[in-house]
Amino acid sequence: MKRPVIEFPCDYPIKIIGDADPFFVEEILTVMVKYDESIGPDKVNKRSSRKGNYHAVTVRFRATGEQQLKQVFEDLKRCELVKMVL
């Protein structure tokens, strides 16, 4: 089965799940701004888990290539509050 082809540059949604910490979104945005300086509140969607223990944050950013996507995923995975990157 072939992977879908992504045409770069494009707006790319990335979902990050992590601890329900007041600094979770700030930590994510600190990483994401390195790759897309135009990221603001209009490109971020946050949802809390039913019990409030976790947050799921979707960020839409301007992806420029596969190597950039790999680096974004790696940088986010290194964040202390992040549990999963999709």
Side-chain angles (χ1 to χ4, degrees):
M1 181 180 241
K2 250 184 150 177
R3 287 179 27 187
V5 176
I6 301 172
E7 291 188 31
F8 295 102
C10 66
D11 287 335
Y12 190 88
I14 189 166
K15 187 172 190 175
I16 306 104
I17 299 170
D19 295 326
D21 184 285
F23 297 105
F24 180 60
V25 173
E26 183 179 324
E27 183 177 44
I28 290 168
L29 292 180
T30 299
V31 171
M32 297 303 297
V33 164
K34 291 190 295 186
Y35 298 98
D36 182 355
E37 293 178 2
S38 71
I39 289 178
D42 61 318
K43 295 183 179 183
V44 178
N45 183 14
K46 181 179 93 171
R47 291 180 26 169
S48 296
S49 65
R50 191 175 325 162
K51 293 184 180 180
N53 296 326
Y54 299 98
H55 290 313
V57 177
T58 302
V59 180
R60 289 182 324 279
F61 75 104
R62 193 71 177 158
T64 58
E66 283 192 44
Q67 186 59 37
Q68 180 207 36
L69 285 179
K70 288 177 185 177
Q71 191 62 51
V72 168
F73 273 73
E74 290 302 315
D75 286 356
L76 287 169
K77 288 177 185 178
R78 280 192 225 109
C79 294
E80 186 176 321
L81 300 174
V82 171
K83 300 297 181 199
M84 188 181 314
V85 181
L86 306 168

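Because the structure is predicted, anything quoted here is derived from the model rather than measured. When reading the values below, keep in mind they use all heavy atoms of this one structure, side chains included, and skip hydrogens, waters and symmetry mates.
Side-chain contact between K77 and V82 is absent, with no heavy-atom pair separated by less than 4.5 Å. Between V85 and F73 the shortest side-chain heavy-atom distance falls below 4.5 Å. Residues F24 and V57 form a side-chain contact, since some pair of their non-hydrogen atoms from C-beta on lies under 4.5 Å apart. The side-chain heavy atoms of V72 and M32, taken from C-beta on, include a pair separated by under 4.5 Å. Looking at heavy atoms from C-beta onward, Y35 lies in side-chain contact with Q71 at the 4.5 angstrom threshold. Under the 4.5 Å side-chain criterion, counting only non-hydrogen atoms from C-beta, V59 is not in contact with P13. Contact check for K46 versus V25: side-chain heavy atoms found under the 4.5 Å cut-off.
Residues A63 and Q68 approach most closely at CA-OE1, 3.0 Å, considering heavy atoms. S49 and N53 get closest at one heavy-atom pair: OG-N, 3.1 Å. Heavy atoms only, all atoms of each residue included: L86 and M84 are closest at CD2-SD, 3.7 Å. Nearest heavy atoms, V44 versus I39: CG2-CG2, 4.4 Å. G52 and A20 get closest at one heavy-atom pair: O-CB, 3.1 Å. Of all heavy-atom pairs spanning A56 and K15, the tightest one is CB-CE, 3.8 Å.
Once rounded to the nearest 0.5 Å, the distance linking CG of L29 with CD1 of I16 reads 8.5 Å. Rounded to the nearest 0.5 Å, atoms CG (L81) and CG (D21) are 4.5 Å apart.
Here the side chain of D36 pairs a donor or acceptor atom with the backbone of S38 at under 3.5 angstrom. Not one N or O on the side chain of E27 forms a donor-acceptor pair closer than 3.5 Å with the backbone of F23.
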Test side-chain contact (heavy atoms from CB on, under 4.5 Å) on H55 and I17; report intermediate values, then the result. CA-CA 6 Å; H55 290 313; I17 299 170; over 6 Å; no
Given the rule in the side-chain contact (heavy atoms from CB on, under 4.5 Å) test, do V31 and C79 qualify, once you have shown the distances and angles that lead to the verdict? CA-CA 9 Å; V31 171; C79 294; 3.7 Å; yes
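Follow the hydrophobic side-chain contacts under 4.5 Å out from L76 and you reach L69 in the same cluster.
The salt bridge (Lys or Arg N to Asp or Glu O under 4.0 Å) search around D42 returns none, not counting sequence neighbours.
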